[in-house]
Amino acid sequence: MKKNININILVVLISIIAVGFGIFLEIGNPVGDFRRSQVASTASLFAEEGIDIFYPKLNVMGDPGYFVLEFPIYQALMAKLWNVFDMKDEWGKVLTGIFWIISSLYLYNLCLIFTDKRTSLLTCFLFLFSPISLLYSHDIGIEGLTLCLSILFLYYGVKWIKSKNLLYYLLALIFACICFPIKLPNIAPMYLPLCLYIYTKNNNRFSSIFSPLFIFLGLIPLTFALIWQNHSDSVNSLYDLSAFHTSKGRFNWYFGTMQQRFNPLVYLITLSKSLENIFGSYYGGLLVLFGLVITKRQHFFLFYLLSYLFGFFIFINLHFTHIHYVIPFIPPIMYFTSHSLIFM
């Protein structure tokens, strides 16, 4: 027990070093692209005018400026930090860093359920020092929060299935209800590894997947997400500048065109870019493939990885357009990579 606590402390210290180094290098640098500026703009207006999570604003949208996309819990937390301290970008980076540190700690403990300490620790280390992690672990944006919530959802979902403890179930449900309205296309497919886990833990009984509690674990967060999407559409449709997000063009924005879907290059380019961002080279994919070959009975992390591919094939344009859509799936990729490296 004491040794486990010491390793958890080590994971936190390594996480702080990785995240802190990135924040230190970025001190004084302005907020970059539109997505980051959008998040910072909403947070700054929350700090100045008060937090109304149902009617977030964007300062380039004119008057009244309402622009509703993801559930703005990150922006609200960032505004609270600005109200307590001062309105510097570094506080947004610190907030993201905290979520990344929590993610690494729970990733280590999630891995421990399925493999040994050495592999779990290496997975956590690779996760923290992946090129895309070093870029986004101190970024002003929602990716750190959604990553953290997704790992918490899986960890407590697994703990509930394993122990039947309702406290774990409630925690998994709460984290899913927060996360689904923020990034549904990325996080909803993560229900798949939990489906497999509850199936295998109940002697491969297919009926276990249809137990009421397990159905509600997916259905309630999905309902929250759909309610939020309906609210988003009703607000954005009132204003010309945000009305695109309720138009037919949004369908292609999410799911891509038929031309994209039947173009093999779109899939190859997207996968290549994802691997380059995770490893620095698409050759890193060979380590993942080798890890998949040599691991046995690692079906949870296999389905964790397949849930990314499931979302990738459905929301092809989102993944093709945004490199950060791969972030919540760095953990299973690094899990198989660590198995590959240890075998070598």
Side-chain angles (χ1 to χ4, degrees), residues 11 14-15 17-19 21-22 25 33 35-36 96-97 99-101 103-104 106-108 110-111 115 119-139 141-151 154 183 185-187 189-190 193 265-295 298 300-313 315-316 318-344:
V11 169
I14 294 172
S15 305
I17 291 170
V19 172
F21 181 69
L25 292 178
D33 59 25
R35 192 71 180 93
R36 300 174 188 178
T96 299
F99 290 130
W100 220 273
I101 291 166
S103 298
S104 64
Y106 274 88
L107 173 59
Y108 170 73
L110 178 63
C111 291
T115 190
T119 306
S120 301
L121 193 57
L122 181 57
T123 300
C124 188
F125 183 86
L126 294 174
F127 159 75
L128 284 168
F129 289 94
S130 164
I132 195 170
S133 293
L134 291 173
L135 178 64
Y136 279 93
S137 61
H138 56 274
D139 182 59
I142 63 173
E143 282 67 41
L145 174 60
T146 54
L147 169 71
C148 180
L149 290 171
S150 69
I151 295 174
L154 289 176
K183 197 69 92 171
N186 251 12
I187 309 305
M190 291 187 184
L265 284 177
V266 171
Y267 298 94
L268 290 173
I269 290 171
T270 306
L271 286 173
S272 175
K273 285 196 304 182
S274 297
L275 290 171
E276 285 180 358
N277 284 304
I278 292 171
F279 292 103
S281 168
Y282 58 82
Y283 289 114
L286 296 175
L287 291 172
V288 182
L289 288 175
F290 186 64
L292 284 166
V293 171
I294 64 173
T295 51
Q298 301 294 337
F300 178 84
F301 274 88
L302 174 61
F303 269 64
Y304 193 171
L305 183 59
L306 288 177
S307 67
Y308 164 69
L309 296 177
F310 180 78
F312 169 77
F313 286 118
F315 302 102
I316 181 63
L318 289 177
H319 287 268
F320 183 72
T321 308
H322 302 103
I323 64 168
H324 58 260
Y325 264 68
V326 76
I327 288 175
F329 301 93
I330 299 174
I333 290 171
M334 291 311 184
Y335 179 82
F336 289 108
T337 302
S338 65
H339 275 279
S340 181
L341 293 174
I342 288 173
F343 181 86
M344 293 177 180

Trainee: If I compare all heavy atoms of Tyr282 with all of Ser272, which pair ends up nearest, and what's the gap?
Mentor: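 Nearest heavy atoms, Tyr282 then Ser272: CD2-OG, 3.8 Å.
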Trainee: Under a 3.5 Å distance rule, please check whether Thr123 uses its side chain to pair with a backbone N or O of Thr119 as donor and acceptor.
Mentor: yes
Trainee: Return the CD1 to CD1 distance between Ile14 and Ile101, rounded to the nearest 0.5 Å.
Mentor: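 The CD1 atom of Ile14 sits 12.0 Å away from the CD1 atom of Ile101.
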Trainee: With heavy-atom distances below 4.5 Å as the criterion, would you say the side chains of Cys148 and Tyr106 are in contact?
Mentor: no
Trainee: Between OG of Ser120 and CZ of Phe125, what distance do you get to the nearest 0.5 Å?
Mentor: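 With rounding to 0.5 Å, OG (Ser120) is 15.0 Å from CZ (Phe125).
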Trainee: I need the Leu135 CG to Glu143 CD distance, nearest 0.5 Å.
Mentor: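 Separation between the atoms: 10.0 Å.
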Trainee: If every non-hydrogen atom of Asn277 is compared with every non-hydrogen atom of Pro131, which pair is closest and at what distance?
Mentor: O-CB, 3.5 Å
Trainee: Hey, is the main chain of Asp139 close enough, under 3.5 Å, to the side chain of Thr96 for a donor-acceptor pair?
Mentor: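 Answer holds: yes.
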Trainee: So do the side chains of Pro331 and Tyr304 get within less than 4.5 Å of each other, counting heavy atoms only?
Mentor: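 Yes, at least one pair of side-chain atoms sits under 4.5 Å.
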Trainee: Show the nearest heavy-atom pair for residues Pro189 and Pro193, with the distance to one decimal.
Mentor: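 Between these two residues, the closest heavy atoms are O-CD, 3.8 Å.
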Trainee: Could you tell me the separation between the OG1 atom of Thr270 and the CD1 atom of Ile316, rounded to the nearest 0.5 Å?
Mentor: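 Going from OG1 on Thr270 over to CD1 on Ile316, the span is 4.5 Å.
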Trainee: What is the distance from atom CZ of Phe99 to atom OG1 of Thr146, rounded to the nearest 0.5 Å?
Mentor: 10.0 Å
Trainee: Within the structure provided, determine whether Ile278 and Thr337 are in side-chain contact (heavy-atom separation under 4.5 Å).
Mentor: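 No, side chains not in contact.
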Trainee: Are Lys183 and Tyr325 packed together at the side-chain level, in the sense that at least one heavy-atom pair is separated by less than 4.5 angstrom?
Mentor: yes
Trainee: When the ring centroid of Tyr267 is compared with that of Phe313, is the distance short of 6.0 Å?
Mentor: yes
Trainee: For the CZ atom on Phe303, are there more than 12 heavy atoms of other groups (residues, nucleotides or ligands in this structure) within a distance under 6.0 Å?
Mentor: no
Trainee: Would you call the rings of Trp100 and Phe127 parallel, tilted or perpendicular if under 30° counts as parallel and over 60° as perpendicular?
Mentor: parallel
Trainee: Hey, is the main chain of Phe336 close enough, under 3.5 Å, to the side chain of Ser340 for a donor-acceptor pair?
Mentor: no
Trainee: Nearest heavy-atom pair of Ser104 and Leu128: which atoms, and what distance?
Mentor: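 Ser104 and Leu128 have their closest heavy atoms at CB-CD2, 3.9 Å.
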Trainee: Are the side chain of Ser137 and the backbone of Val19 linked by a donor-acceptor contact shorter than 3.5 Å?
Mentor: no
Trainee: Start with the C-alpha distance between Phe279 and Tyr283, add both sets of side-chain angles, then the distance that settles ring-ring contact (aromatic ring centres under 6.0 Å, His included), and finish with yes or no.
Mentor: CA-CA 8 Å; Phe279 292 103; Tyr283 289 114; over 10 Å; no
Trainee: Would you please test Ile330 and Ser133 for side-chain contact (heavy atoms from CB on, under 4.5 Å) and show each step?
Mentor: CA-CA 9 Å; Ile330 299 174; Ser133 293; 3.7 Å; yes
Trainee: Identify the two heavy atoms, one from Asn186 and one from Phe329, that lie closest to each other, and give their separation to 0.1 Å.
Mentor: O-CZ, 3.2 Å
Trainee: Identify which one of Thr115, Leu121, Leu126, Leu287 satisfies the side-chain contact (heavy atoms from CB on, under 4.5 Å) criterion when paired with Ser338.
Mentor: Leu126
Trainee: Could you walk me through whether Tyr308 and Ser274 pass the side-chain contact (heavy atoms from CB on, under 4.5 Å) check?
Mentor: CA-CA 11 Å; Tyr308 164 69; Ser274 297; 3.4 Å; yes
Trainee: Let me confirm one number: the CD1-CD1 distance from Ile132 to Ile327, rounded to the nearest 0.5 Å.
Mentor: 4.5 Å
Trainee: Should the ring pair His339 and Tyr335 be called parallel, tilted or perpendicular, given that the plane angle runs from 0 to 90° and is split at 30 and 60?
Mentor: perpendicular
Trainee: Closest approach of Met190 and Ser150, non-hydrogen atoms and distance?
Mentor: SD-CB, 3.4 Å
Trainee: Might you confirm whether atom CZ of Phe290 has over 12 heavy atoms from other residues, nucleotides or ligands at distances under 6.0 Å?
Mentor: yes
